[in-house]
Protein chains: 2
Amino acid sequence: MVKDTKTALLDSAEAAARRVGFDGFSYADLAQDVGIRKASIHHHFPSKATLSGALMARYARRMEAACADIDAARGTGGARLKALVQLYRAALGDGTQLCLCVAFSISRDHLSADTLREVTQFRGITLQWLQTVFALGGSDGSIHAVQDTQIEAASTLALLEGAQLAARTQHDLGRFDMAVSLLEKRISS
Amino acid sequence: MVKDTKTALLDSAEAAARRVGFDGFSYADLAQDVGIRKASIHHHFPSKATLSGALMARYARRMEAACADIDAARGTGGARLKALVQLYRAALGDGTQLCLCVAFSISRDHLSADTLREVTQFRGITLQWLQTVFALGGSDGSIHAVQDTQIEAASTLALLEGAQLAARTQHDLGRFDMAVSLLEKRISS
DNA sequence: GTCTATATTCAGATAGAC
DNA sequence: GTCTATCTGAATATAGAC
């Protein structure tokens, strides 16, 4: 089955945004990557702002699905938290990419209000999910020394995003692993 | 005393880069801000790559000085760590700015090799300093449950940078405070 | 050191043929 | 849906007068 053009464009744009930020790529780059002319892109995404909104919306939906998948596959809070750490690690790819949400945080002054709402929603979903995970992990004993779950969620998201930055700055996944190792020590196997 | 043009340009460029990233501002923006014509900027910084290098070099030197100041003013590891957290918090300004190092992490593929070296050096300085602080805080009892100092340093830097991202994404300093509150709880007053 | 003027390249975007 | 052709504005950068 062949990818339709719109999906191909979204895929290409997402990879570019996560590598060089939203201000760092152009329609010309996408056109070359996908194999159509740049004018044709406007048929699918009339403006770059439209594209940014579609990108972030798809990303947020994917995150919701990923969290649901983790919930279905893992029973304890600790196992779920471990899975999320792995998700953020995998998002680094070979160490050149970031989570789209982190990449958009920098370019945020050039994003549409629509897209900003999507970014906020993405963060909200993740934080909410993390809170539940810490509550579960605290009561089932799989995460050590759980304190206020809202604070745990905020700290963990910051740690994961910061660990991505560290890894990406040096193109070295080991930096991510080192930054999250203290968190992982709190999870019982 | 009046600021010389070169310093005014560096100040303006730094603020812009920390607000919208290195790809997010132009010489025209700087010219308007500083009050000269954009062609004149090239006299001080022939290319934007030169500017990025100068920016990061100045930033790294300032960080070294700030760490030295903290060491001179605070005796315990805990007090020094608290001071660094405040430094990162203050760097947010009104919640629209990031640490230059974080901002440059996103635009990194458009930076010169020279500038990238400066970024790496900045991270190295900060990590090294943090390691010493955790070693001190562990032995003087002002930081609770200190483990491997290299890992503590990496985790803390990631947390601080991630906390900045969280605050800046929502233009809300409270997000920073919440993300770092677990870390601060480990410091005895 | 700063200016005007200009070169060049590239950005996002549109019109209209096929 | 994709193309060619084109527009408009803005980017970095240079030449040369003052």
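Each chain gets a letter, A, B and so on, in the order the sequences are listed, and its residues count up from 1. Heavy atoms only: backbone and side chains are in, while hydrogens, waters and symmetry mates are out.
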Co-members of A:Leu182 in a cluster of I, L, V, M, F, W and Y side chains, linked at under 4.5 Å: A:Met178, B:Ile151

Boundaries of the DNA chain D segment in contact with chain B, non-hydrogen, under 4.0 Å: D:dA11 to D:dT14

Pairs flagged by salt bridge (charged side-chain N to carboxylate O under 4.0 Å, His left out) wherever residues 6-17 of chain B is involved - sequence neighbours left out: B:Lys3-B:Asp11, B:Asp11-B:Arg58, B:Glu14-B:Arg18, B:Glu14-B:Arg58, B:Glu14-B:Arg62

Donor-acceptor pairs are to be reported for all side-chain atoms of residues 91-101 of chain B against protein atoms at under 3.5 Å, with residues two or more places apart or in another chain.
from: B:Asp94; atom 1: OD1; to: B:Thr96; atom 2: N; distance (Å): 3.3
from: B:Asp94; atom 1: OD1; to: B:Thr96; atom 2: OG1; distance (Å): 2.7

Angle between terminal axes - the helix from C:dG1-D:dC18 to C:dC18-D:dG1, 5 pairs each end, rounded to 10°: 10°

Residue-level proximity of residues 42-59 of chain B to DNA chain C when a heavy atom falls under 4.0 Å: B:His43, B:His44

Check: B:Thr169 side chain, A:Ser105 main-chain N or O, donor-acceptor pair, under 3.5 Å: no

Close approaches to DNA chain C from residues 5-38 of chain B, in residue order (heavy atom, under 4.0 Å): B:Thr5, B:Ile36, B:Arg37

Pairs touching residues 140-150 of chain A that satisfy salt bridge (charged side-chain N to carboxylate O under 4.0 Å, His left out), sequence neighbours left out: none

A:Leu130/A:Glu152 under side-chain contact (heavy atoms from CB on, under 4.5 Å): CA gap, chis, key distance, verdict: CA-CA 8 Å; A:Leu130 270 169; A:Glu152 294 276 14; over 6 Å; no

B:Arg61 and B:Glu118 ion-paired at < 4.0 Å: no

A:Thr132 side chain vs A:Gln128 backbone, donor-acceptor pair below 3.5 Å: yes

Where at least one partner belongs to residues 28-57 of chain B, residue pairs that pass salt bridge (charged side-chain N to carboxylate O under 4.0 Å, His left out), sequence neighbours excluded: none

Set of ring pair (Phe, Tyr, Trp, His ring centres under 6.0 Å) partners for B:Tyr88, sequence neighbours left out: none

Residue pairs, two or more places apart or on separate chains, that pass salt bridge (charged side-chain N to carboxylate O under 4.0 Å, His left out) and touch residues 158-174 of chain A: A:Arg123-A:Glu161, A:Arg168-B:Asp109, A:Asp172-A:Arg175

Which residues share a side-chain hydrogen bond (donor to acceptor under 3.5 Å, both in side chains) with B:Ser47, sequence neighbours left out: B:Thr50

